K.L.:
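Have a look at this one before I ask anything.
Only a predicted model underlies this, so the values are computations on that prediction, with no experimental measurement involved. Whatever order the structure lists them in is the order used to number ligands and atoms, beginning at 1.
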Amino acid sequence: MAKKKRKQIVNLMVTGGCGFIGSNFIRYLLEKSDFQGNIINVDKLTYAGNPENLKGIEDKLGDRYAFERADICEQERLLDLFARHNIDTVCHFAAESHVDRSIRRPAHFISTNIVGTFNLLEAARGRGESFNLFHHVSTDEVYGSLGKRGVFRETTPYRPNSPYSASKAASDHLVRAYFHTYGLPVTISNCSNNFGPYQFPEKLIPLIILNAFEGKPLPVYGDGRNVRDWLYVDDHCEAIWAIMKSGRTGETYNIGGDSEMENIRVVEMICDILDGMTPAVDGKSRRGLVTFVKDRPGHDRRYAIDFAKLHRTLNWSPKESFQSGLRKTITWYLENKGWVDRVRSGDYLKWIEEHYRE
Ligand code: NAD
Ligand code: DAU
């Protein structure tokens, strides 16, 4: 497969840049890549978007960085931003991302993930020939659930099972359709479970780290034998950047960590690492805090990703092992209690309202 060099990216819109992966991606671009262009970070700042995740970035990037608080569901606003910043490239992270929330209240998932993506595609299409690339960040959950054997390949049929994954599947289809119908230059990536610094503590790994540290119950859904494939967030960022630079237009790439693990094993590993770093006050193993709770409705049993295409064509593979990434992540959460407290208390939401009044 040809590795086509893309045009130089000048004005890159990153949507959802204040979220978990988006903020890590902006840091990655600045600190670990050869990116020389400008970043326009477009984020609504929902509960999951926190400007503190990018503290210091404005100073380092200076004029090369702009933050625009905007909702991707507002088409007029997007058209204005694309024109004003002369956008030639988009890396689209913005989404409602938590499966449990999508089960309780699906409406925002439909508007942001589907309508929001549609609005961005339309704005990109409106840029005509000057538009370089629309990279869409998606999930392995669009493929549904696996049994004991098998892996997700780029050719695996879509079978999304939750409102979240169905909304992401719909957005993937829209992106693909804009390539085939209008010739919009696009790439899509479908990635497995990420973990690392700045992840909102509703997701399994940060939730378990914090609860275990505080001696609270560790909720494990069902029998704890559901399997996820885990990837350290920096490795995901590196893969996205490789695809944006050299991936083939119109193609989909799977990204995975080669780290399949039952949830109960992940929880036990966190307990053991924490016990080693900072023993519990009562001296007991934190494994004793594990509490099996009611299962998630429609809970996908197993995900496993075949990322051979990305490895073969762009020479990407994950650098961080699950164990070393987990240690780094645990250390980060223990060293950033201020961030954790502010995120949990919702203080930063009040701060946002004061600083970003429209
Ligand atoms: P996140 O929930 O941490 O962040 C989402 C960001 O999008 C937040 O900053 C939020 O404020 C912003 N946002 C939400 N609605 C918006 C709207 N209407 N307009 C503008 N901004 C809005 O999510 P994440 O975990 O960083 O995931 C980022 C992307 O990666 C998502 O598209 C997700 O589907 C995909 N993904 C995530 C994982 C994972 O394990 N977290 C794995 C594969 C793919
Ligand atoms: O696979 C990629 C997806 O990974 C992304 O597209 C999603 O945005 C991201 O949220 C993540 O989805 P999951 O549902 O797999 O992640 P979560 O951290 O919510 O759950 C991981 C597993 O742990 C899952 O099998 C459910 C289980 N779980 C989760 C929580 C929050 C528990 O057992 N207990 C919990 O308290």
Side-chain angles (χ1 to χ4, degrees), residues 14-25 41-51 53-54 68-74 77-78 91-103 108-109 111-113 115-117 119-120 136-143 145 152 160-162 164-165 167-168 171-172 189-196 198-208 211 217-231 233 236-237 240 254-257 261-264 266-267 290-296 299-305 352:
V14 176
T15 70
C18 293
F20 163 48
I21 308 176
S23 61
N24 276 286
F25 182 68
N41 175 10
V42 172
D43 200 302
K44 180 182 174 182
L45 300 181
T46 66
Y47 79 96
N50 181 356
N53 296 357
L54 286 170
E68 297 279 2
R69 187 181 186 195
D71 185 341
I72 58 169
C73 297
E74 291 173 11
R77 185 79 205 286
L78 284 184
C91 185
H92 177 33
F93 293 95
E96 287 294 336
S97 69
H98 192 43
V99 174
D100 293 327
R101 284 181 192 255
S102 86
I103 294 167
H108 284 318
F109 289 74
S111 49
T112 289
N113 299 2
V115 180
T117 302
N119 287 339
L120 283 163
H136 179 58
V137 180
S138 192
T139 169
D140 60 356
E141 300 200 6
V142 297
Y143 298 122
S145 184
F152 297 137
N161 290 320
S162 71
Y164 163 71
S165 53
S167 69
K168 291 296 289 187
S171 66
D172 291 10
S189 52
N190 294 89
C191 186
S192 59
N193 285 58
N194 283 218
F195 67 106
Y198 300 106
Q199 187 166 33
F200 193 85
E202 63 187 350
K203 307 278 164 72
L204 181 73
I205 288 186
L207 177 81
I208 297 298
N211 279 16
L218 310 179
V220 175
Y221 297 165
D223 63 1
R225 304 253 173 241
N226 298 65
V227 173
R228 295 292 181 268
D229 169 59
W230 294 96
L231 180 69
V233 65
H236 187 188
C237 296
I240 291 172
N254 279 351
I255 309 174
M261 205 92 54
E262 287 184 345
N263 292 335
I264 186 67
V266 172
V267 172
V290 168
T291 310
F292 290 94
V293 298
K294 193 166 168 285
D295 208 353
R296 172 187 280 174
H299 196 175
D300 287 337
R301 191 64 174 169
R302 176 174 163 257
Y303 303 147
I305 275 269
I352 286 166

K.L.:
For atom 29 (C) of ligand 2, what is the nearest protein heavy atom, given as residue, atom name and distance?
P.N.:
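The protein heavy atom lying closest is Y221 CE1, 3.5 Å.
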K.L.:
Check contact between F93 and ligand 1, using heavy atoms of the residue and a distance below 4.0 angstrom.
P.N.:
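Judged by the 4.0 Å heavy-atom criterion, F93 does count as contacting ligand 1.
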K.L.:
Using a 4.0 Å cut-off to any heavy atom of S97, which atoms of ligand 2 qualify?
P.N.:
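Here the atoms of ligand 2 in question are 7 (C), 8 (O), 9 (C), 10 (O).
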K.L.:
Quick one: which ligand 2 atoms are inside 4.0 Å of a heavy atom on K203?
P.N.:
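Every atom of ligand 2 under 4.0 Å from some heavy atom of K203: 10 (O), 18 (O).
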K.L.:
Quick one: nearest non-hydrogen protein atom to atom 11 (C) of ligand 2, plus distance?
P.N.:
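Ranked first by proximity to atom 11 (C) of ligand 2 is N193 ND2, 3.5 Å.
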K.L.:
Quick one: are the ring centres of F25 and F93 less than 6.0 Å apart?
P.N.:
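Yes - the distance between ring centres of F25 and F93 falls below the 6.0 Å cut-off.
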K.L.:
Give a yes/no on ligand 1: does G17 have at least one heavy atom closer than 4.0 angstrom to it?
P.N.:
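No, G17 has no heavy atom closer than 4.0 Å to ligand 1.
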K.L.:
Given that the side chain starts at C-beta and the backbone is N, CA, C, O, which of these parts of L45 lies under 4.0 Å from ligand 1, counting heavy atoms, or is it both or neither?
P.N.:
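Backbone only.
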K.L.:
Looking only at heavy atoms, what is the nearest atom pair of G17 and D43, with distance?
P.N.:
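Taking G17 first and D43 second, the nearest heavy atoms are N-OD2, 3.4 Å.
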K.L.:
Quick check on side chain to side chain donor-acceptor pair (under 3.5 Å): which of S167, S138, S189 does D172 satisfy it with?
P.N.:
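The passing option is S138.
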K.L.:
What part of E141 sits under 4.0 Å from ligand 2 if we count only heavy atoms: the side chain, the backbone, both or neither?
P.N.:
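Contact part for E141 vs ligand 2: side chain (C-beta onward).
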K.L.:
Closer than 4.0 Å to some heavy atom of T139 - which atoms of ligand 2 meet that?
P.N.:
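Listed by number with element, the hits are 1 (O), 2 (C), 3 (C), 5 (C), 6 (O).
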K.L.:
When you check the gap from the basic side-chain N to the acidic O, do R296 and D100 get nearer than 4.0 Å?
P.N.:
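Looking at D100 together with R296, the answer is yes, because their closest N to O distance falls below 4.0 Å.
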K.L.:
In terms of atom number and element, which parts of ligand 1 are under 4.0 angstrom from non-hydrogen atoms of D71?
P.N.:
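Ligand 1 atoms under the 4.0 Å threshold to D71: 17 (C), 18 (N), 19 (N).
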K.L.:
Enumerate the atoms of ligand 2 whose separation from the nearest heavy atom of H98 is less than 4.0 angstrom.
P.N.:
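Listed by number with element: 19 (O).
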K.L.:
For ligand 2, which atoms, with element, lie under 4.0 Å from some heavy atom of V220?
P.N.:
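Ligand 2 atoms under the 4.0 Å threshold to V220: 33 (O).
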K.L.:
For the backbone of Y164 and the side chain of R101, can you confirm whether one donor and one acceptor N or O come within less than 3.5 Å of each other?
P.N.:
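The answer is no, because no donor-acceptor pair under 3.5 Å joins these two groups.
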K.L.:
Which atoms of ligand 2 have any heavy atom of E202 under 4.0 Å away?
P.N.:
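Numbered from 1, ligand 2 contributes 31 (C).
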K.L.:
Return a yes/no value for H236: is any of its N or O atoms, backbone included, closer than 3.5 angstrom to an N or O of ligand 1?
P.N.:
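Between H236 and ligand 1 (N or O atoms, distance only) the closest approach is not under 3.5 Å.
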K.L.:
Considering only NZ, NE, NH1 and NH2 on the basic side and carboxylate oxygens on the acidic side, decide whether R301 and D223 come within less than 4.0 Å.
P.N.:
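Salt bridge present between R301 and D223.
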K.L.:
How far is atom 18 (O) of ligand 2 from the closest protein heavy atom, and which atom is that?
P.N.:
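Result: L204 N, 2.8 Å.
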K.L.:
To check your reading of the model: name the closest protein heavy atom to atom 6 (O) of ligand 2, its residue, and the distance in Å.
P.N.:
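Going atom by atom, the protein heavy atom closest to atom 6 (O) of ligand 2 ends up being Y164 OH, 2.6 Å.
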K.L.:
Give the residue, atom name and distance (to 0.1 Å) of the protein heavy atom nearest atom 36 (O) of ligand 2.
P.N.:
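Nearest protein contact, heavy atoms only, for atom 36 (O) of ligand 2 is L207 CD2, 3.3 Å.
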K.L.:
For atom 24 (C) of ligand 2, find the nearest protein heavy atom and state the residue, atom name and distance (0.1 Å precision).
P.N.:
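It is H299 NE2, 3.5 Å.
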K.L.:
Does some non-hydrogen atom of S138 fall short of 4.0 Å from ligand 1?
P.N.:
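Within the 4.0 Å threshold, so yes.
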K.L.:
For W230, is at least one N or O under 3.5 Å away from an N or O on ligand 2?
P.N.:
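No, since none of the N or O atoms of W230 sits under 3.5 Å from an N or O of ligand 2.
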K.L.:
Write out the residue and atom name of the closest protein heavy atom to atom 19 (O) of ligand 2, then the distance separating them to 0.1 Å.
P.N.:
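Looking only at protein heavy atoms, the one closest to atom 19 (O) of ligand 2 is R296 NH2, 3.0 Å.
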K.L.:
Starting from atom 1 (O) of ligand 2, find the nearest protein heavy-atom neighbour and note its residue, name and distance.
P.N.:
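Protein heavy atom with the smallest distance to atom 1 (O) of ligand 2: D140 OD1, 2.6 Å.
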K.L.:
Near N263, which atoms of ligand 2 are under 4.0 Å from a heavy atom of that residue?
P.N.:
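Contacts of ligand 2 toward N263, numbered from 1: 22 (C), 23 (O), 24 (C), 25 (O), 27 (C).
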K.L.:
Show which atoms of ligand 1 fall inside a sub-4.0 Å distance from at least one heavy-atom site of N193.
P.N.:
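Heavy-atom distances to N193 below 4.0 Å select 40 (O).
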K.L.:
Strictly under 4.0 Å, does any heavy atom of S111 approach an atom of ligand 1?
P.N.:
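It does not, in that no heavy atom of S111 comes within the 4.0 Å cut-off of ligand 1.
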K.L.:
Using a 4.0 Å cutoff against the non-hydrogen atoms of P219, which atoms of ligand 2 qualify?
P.N.:
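Reading through ligand 2 atom by atom, the close ones are 32 (C), 33 (O), 34 (N), 35 (C), 36 (O).
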K.L.:
Backbone, side chain, both or neither: what part of K168 comes under 4.0 angstrom of ligand 1, heavy atoms only?
P.N.:
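Near ligand 1, K168 shows its side chain, while the N, CA, C and O stay back.
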K.L.:
What are the atoms of ligand 1, with element, lying closer than 4.0 Å to any heavy atom of A94?
P.N.:
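The atoms of ligand 1 under 4.0 Å from a heavy atom of A94 are 7 (O), 21 (N), 22 (C).
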K.L.:
Any N/O of Y164 closer than 3.5 Å to an N/O of ligand 1?
P.N.:
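Looking only at distances, the answer is yes, because the N/O contact criterion of under 3.5 Å is met.
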K.L.:
Assign the ring pair Y303 / F152 to parallel, tilted or perpendicular, where the plane angle (0 to 90°) is split at 30° and 60°.
P.N.:
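Tilted: the ring planes of Y303 and F152 meet at 30° to 60°.
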K.L.:
Counting from 1, what ligand 1 atoms have a heavy atom of S192 closer than 4.0 Å?
P.N.:
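Every atom of ligand 1 under 4.0 Å from some heavy atom of S192: 42 (C), 43 (C).
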